[in-house]
Protein chains: 2
Amino acid sequence: MSLIVMKFGGSSVGTTERMSRVAQRIIDKKLQGDRVVVVVSAMGDTTDDLIDKANEVNDNPPAREMDMLLTTGEQISVALLSMAIHKHGHAAKSFTGWQAGIVTEAVHAKARINDISPERIFSALDEGNIVIVAGFQGMTENGDITTLGRGGSDTTAVALAAAIKADVCEIYTDVDGVYSTDPRVVKCARKLDQISYDEMLELANLGAAVLHPRAVEYAKHNNVNLVVRSSFNQNEGTLVREAAEMEQGIVVRGIASDKNVARISVLGVEDVPGVLAKMFGALANNGIDVDIIVQSGVQDGKADFSFTVSLSDRQRAIDVLASIKTEVPYRETTYEEGLVKVSIVGAGMVSNPGVAATMFKAISDVGVSIKMVSTSEIKVSCVIAAEPVQEVVRALHTAYGLDTAQTAFVGGPQERR
Amino acid sequence: MSLIVMKFGGSSVGTTERMSRVAQRIIDKKLQGDRVVVVVSAMGDTTDDLIDKANEVNDNPPAREMDMLLTTGEQISVALLSMAIHKHGHAAKSFTGWQAGIVTEAVHAKARINDISPERIFSALDEGNIVIVAGFQGMTENGDITTLGRGGSDTTAVALAAAIKADVCEIYTDVDGVYSTDPRVVKCARKLDQISYDEMLELANLGAAVLHPRAVEYAKHNNVNLVVRSSFNQNEGTLVREAAEMEQGIVVRGIASDKNVARISVLGVEDVPGVLAKMFGALANNGIDVDIIVQSGVQDGKADFSFTVSLSDRQRAIDVLASIKTEVPYRETTYEEGLVKVSIVGAGMVSNPGVAATMFKAISDVGVSIKMVSTSEIKVSCVIAAEPVQEVVRALHTAYGLDTAQTAFVGGPQERR
C-alpha cells in the first residue's frame with residue numbers, strides 16, 4: 001500500500017465532465033489499494049475570470065484581498081471533485097489550504113510555505129477518505145489567507161508529499177511528460193523516461209512549462225519522487241529524481257527555448273570597484289530578475305555591460321539604471337527585443353568537453369549569429385535572434401542525437417558513436 | 001461614534017457596478033464617524049450557479065462538500081467589496097466566517113451559530129478598517145466549514161451585532177422597509193416606521209420575505225435594534241424593536257399571504273390516546289414542518305384531521321403517514337393544493353375583541369369561504385382558495401384601516417372610530 005499525492009491542473013478539471021473523469025482516475029488509484037491525497041488547481045479560466053472581476057472594481061486591488069478572492073477558485077474545485085468522487089460511491093473529504101495545515105509566511109500573492117501540519121489529512125485518510133486539498137493557497141500564522149504565486153499548486157503537491165512522506169508525487173498535466181524539447185517545435189521531440197532534479201530545474205527555468213521551478217526545488221530539497229504524466233491517457237510519464245539514481249551516459253537531455261527575453265546594454269560604465277554590485281543590487285532591490293550578464297573588456301577606464309531581463313521588466317530596468325546614474329555613471333543604455341534564449345541541458349555535460357562547441361557549430365550552420373552565451377555545469381544558453389529559432393532547436397536536437405532513442409550516448413561531434 | 005453593522009444582500013451587490021455603489025454608501029457611514037462592520041451575501045446568481053455546477057457532477061452532493069462550495073460565493077463578495085472600498089481610498093479588511101470567529105454547531109447546510117469570538121473584528125476596527133464579513137457561513141469546532149441555511153446572512157449580521165454590541169444592525173435590501181402588506185398586491189400598502197420583534201417574526205414566518213425569521217428571533221433574544229431599509233435610496237426604513245418601547249394603539253400592523261401551502265386531510269383516524277403525538281412526531285422526525293392543525297369532532301370513535309405543510313413536503317408527508325398506518329390506523333388521506341394562507345398580525349390584537357370577526361367578515365364579503373383558521377396572541381391566519389387572494393388582502397387592508405396613516409387606531413368594526 002503506497003501513499004500517493006496526485007496533482008491535477010486547471011485544464012484537467014476545466015469542465016465538470018473532465019472533473020468526473022479525473023474522479024474516476026483517482027478512484028482507480030484508490031482501488032489499487034493506495035492511500036490517495038489529491039491536490040487541485042482552479043478550474044480552467046476561473047482564476048482569470050476572478051482577476052477580471054477584481055479589475056472591474058479596482059485596477060490596483062490590495063494583495064491581501066486578491067488572495068482572499070483567488071483562493072475561492074481552488075475551493076470550488078476541491079468541493080466539486082469531492083462531490084464527483086462521492087457520486088462514484090467513494091468517500092472523499094475536501095480541504096482548503098488552511099484546513100490542510102499549510103502555514104505560509106505573511107506575504108501575499110507569492111507566499112512561501114513555512115510549515116505543514118498534516119494531522120487532519122492523516123485522520124481523514126485513516127477514516128478511509130480520498131483527501132482533496134486546494135492547491136496554491138495557505139494561511140499565515142495570524143489566520144490571513146495567502147496564495148503561493150505562479151505554479152503554486154505544483155508546490156502545494158510537492159510540499160504535501162514531503163510533509164506526509166508520500167512514496168510519489170504525480171503531477172497530472174496535458175502533456176505526456178517532459179520532452180527532449182517542445183514537441184510543437186520539433187516533431188521528433190521524445191518524451192524522457194527520467195530526468196534529474198537539476199536538469200528539470202534548468203528546463204523549468206528555461207521556459208519548459210510542465211513543472212514550476214519552485215516545485216522542483218522543493219522536491220529536490222526534500223527528495224520527493226516526482227512523476228509528470230498526462231491526465232488524458234495512461235502513459236508512463238517522466239520520473240524526476242536524484243541524478244545519482246539515474247542511468248548515466250546522457251550528455252544533453254533536453255533543449256529549451258524562451259522568448260521572454262530582452263537584452264539591455266549599459267555602455268561606457270566607469271570601471272570603479274563596486275560598480276557591478278551597485279548596479280545589479282539596485283535591480284534586485286526593485287524585484288528585477290537579471291539572467292545572463294556579459295561584460296566586455298575595459299577600455300579607457302570604461303566598460304560595457306549587457307544583461308537579459310524578462311520583457312515585462314525591460315522599461316523598469318532602464319528606469320532603475322537612470323535613477324542610480326549619479327552613483328553608477330555611464331554613457332547610455334540601449335536595449336534589444338525580438339530575441340530568444342536557446343539552452344541545452346544535461347547533467348552529463350560537465351564531464352564532456354566539446355558540448356558547447358557542438359552547440360555553437362549547430363547554430364552557426366543554420367546561419368544564425370550568437371549574441372550572448374552563458375554556461376553552468378549542466379547547461380549552455382545562447383541568446384540569438386528570435387527568427388529562425390525553430391530551425392535552431394531542430395538542428396540542436398539532431399546534433400545531440402535526441403531524435404533517436406534516449407539511451408544513445410550523446411556527446412560533442414568528436415565523441416559521437 | 002456608533003458601532004454599526006450593515007448587511008447587504010445578493011441583489012445589492014449583484015454586479016461590480018452595484019458593488020461600487022454599496023462601497024460608497026459604506027464609506028459615507030464611516031465618514032460620519034461610525035465604526036462599521038459590513039456583512040455581505042453572495043453576488044446575485046452566484047449561489048444558484050454553484051448549485052448548478054454541483055448538480056452537474058453529483059445530483060445528491062454531500063452536505064459537507066456543498067458547504068465548502070457555496071461559501072466561496074460570499075468569500076468572493078467580501079474580497080471584491082473590500083477592493084471597491086480601497087478603490088475609494090479607504091482601508092478595509094475582509095474576513096470569511098471562520099476568520100471572523102463565527103463558530104457553529106457541527107451540522108451542514110443549516111448550522112446554528114454557537115459562539116462568536118470577535119477579537120479579530122475589533123483589532124481590524126482599531127486599525128481604522130471598515131470590516132467586511134462573509135455572511136451565511138461559519139466553522140465547526142473541528143474546523144469544518146458550515147453554512148447557516150436560508151436567510152443565513154441576516155442571521156450573521158444580527159449575531160455579529162449582538163457579539164460586538166453594535167448600536168444598530170441595518171439590513172439593506174431592495175425594498176424600503178417592512179410594509180403593511182405586499183405592495184405588489186395592494187397599491188396603498190404603507191411602509192411601517194416600526195414593528196415589534198414578535199410582529200416581524202409572524203410576518204417573516206408568513207411569507208413576507210424581507211427578513212429571515214431566525215435573524216428576527218436572534219435579534220429579539222439579544223435585543224438587537226434592527227433596521228430594514230433600501231440599498232437604493234436614503235429613505236428611513238423600518239425599525240424592528242421591543243414592543244414595550246413602541247407606540248401603542250395599533251391593533252393590526254400588517255397582512256401577509258403565503259401560497260406555499262398544501263392541506264392534507266387524514267380521515268377516519270382511530271381516536272385512541274397518543275395517536276396525535278405519534279402522527280405529528282413521525283412527521284417532525286422526517287423534517288416536515290406542520291403549520292395549522294385542525295381536528296373535527298369524533299364520530300364512532302374515529303376523527304378527521306387536517307393540517308398544512310409546504311408544497312414541497314406534501315408528497316413526503318403522505319408517504320410518512322402511509323408508513324405508520326399500522327401504528328396510527330386511518331381510512332384514507334387526501335390533499336388539496338391551490339390554497340393560500342392569509343394572516344393578520346399585530347401585537348395589539350390580544351387585548352381587542354372582535355379582531356378575528358372583522359377578518360372573517362371581510363373575507364366573506366369578498367365571497368370567499370374559509371377552509372382553516374389558526375390564531376395566536378398576535379395573529380389570525382385563514383387558509384382560503386388562492387383565487388382571489390389579492391381582493392381578500394385588499395379588503396383586509398381596508399377593513400383594518402391600514403390604507404391610511406399608521407397611527408390610526410384600528411380595531412374590529414364595533415370598535416372602529
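- Residues passing the side-chain hydrogen bond (donor to acceptor under 3.5 Å, both in side chains) test with A/D34, sequence neighbours excluded: none.
- Of the atoms belonging to A/I145, heavy atoms from both backbone and side chain fall under 4.5 Å from chain B.
- For the atom pair CE (A/M83) and NZ (B/K53), the distance works out to 11.5 Å, reported to the nearest 0.5 Å.
- At a threshold of 4.5 Å between non-hydrogen side-chain atoms, the residues A/I85 and B/N58 do not count as touching.
- To the nearest 0.5 Å, atoms CD (B/Q99) and CH2 (A/W98) are separated by 8.5 Å.
- Comparing A/L50, A/I132, A/V57 by heavy-atom pairs within less than 4.5 Å of chain B, the highest count is held by A/V57.
- In this structure, B/R120 and A/D144 have side chains that are in contact, with non-hydrogen atoms separated by less than 4.5 Å.
- Distance CD/B/E65 to NZ/A/K93: 9.0 Å, rounded to 0.5 Å.
- Heavy-atom pairs under 4.5 Å with chain B peak, among A/A54, A/S20, A/S77, A/G143, at A/G143.
- Here A/L69 contributes atom CG and B/L80 contributes atom CG; the two are 5.0 Å apart, rounded to the nearest 0.5 Å.
- Contact check for B/R64 versus A/S94: side-chain heavy atoms found under the 4.5 Å cut-off.
- In A/R18, the CZ atom is crowded: over 12 heavy atoms of neighbouring residues, nucleotides or ligands sit closer than 6.0 Å.
- Looking at B/A23, neither its backbone nor its side chain comes within 4.5 Å of chain A, counting heavy atoms on both sides.
- The neighbour count for B/K29 NZ, taken as heavy atoms of other residues, nucleotides or ligands under 6.0 Å away, is above 12.
- Proximity to chain B (any heavy atom under 4.5 Å) is shown, for A/T96, by both the backbone and the side chain.
- The line from NZ of B/K87 to CG of A/N55 is 10.0 Å long, rounded to the nearest 0.5 Å.
- Inter-residue side-chain proximity for A/M19 and B/E56 is flagged as unmet; no heavy-atom pair is nearer than 4.5 Å.
- Atom CD of A/Q315 is surrounded by more than 12 heavy atoms from other residues, nucleotides or ligands within 6.0 Å.
- Here CE of A/M66 is found 12.0 Å from OG of B/S82. Values are rounded to the nearest 0.5 Å.
- Counting heavy atoms of neighbouring residues, nucleotides and ligands inside a 6.0 Å radius, atom CD of A/Q32 exceeds 12 of them.
- Between chain B and the options A/T72, A/T71, A/I76, A/V78, heavy-atom pairs under 4.5 Å are most frequent for A/T72.
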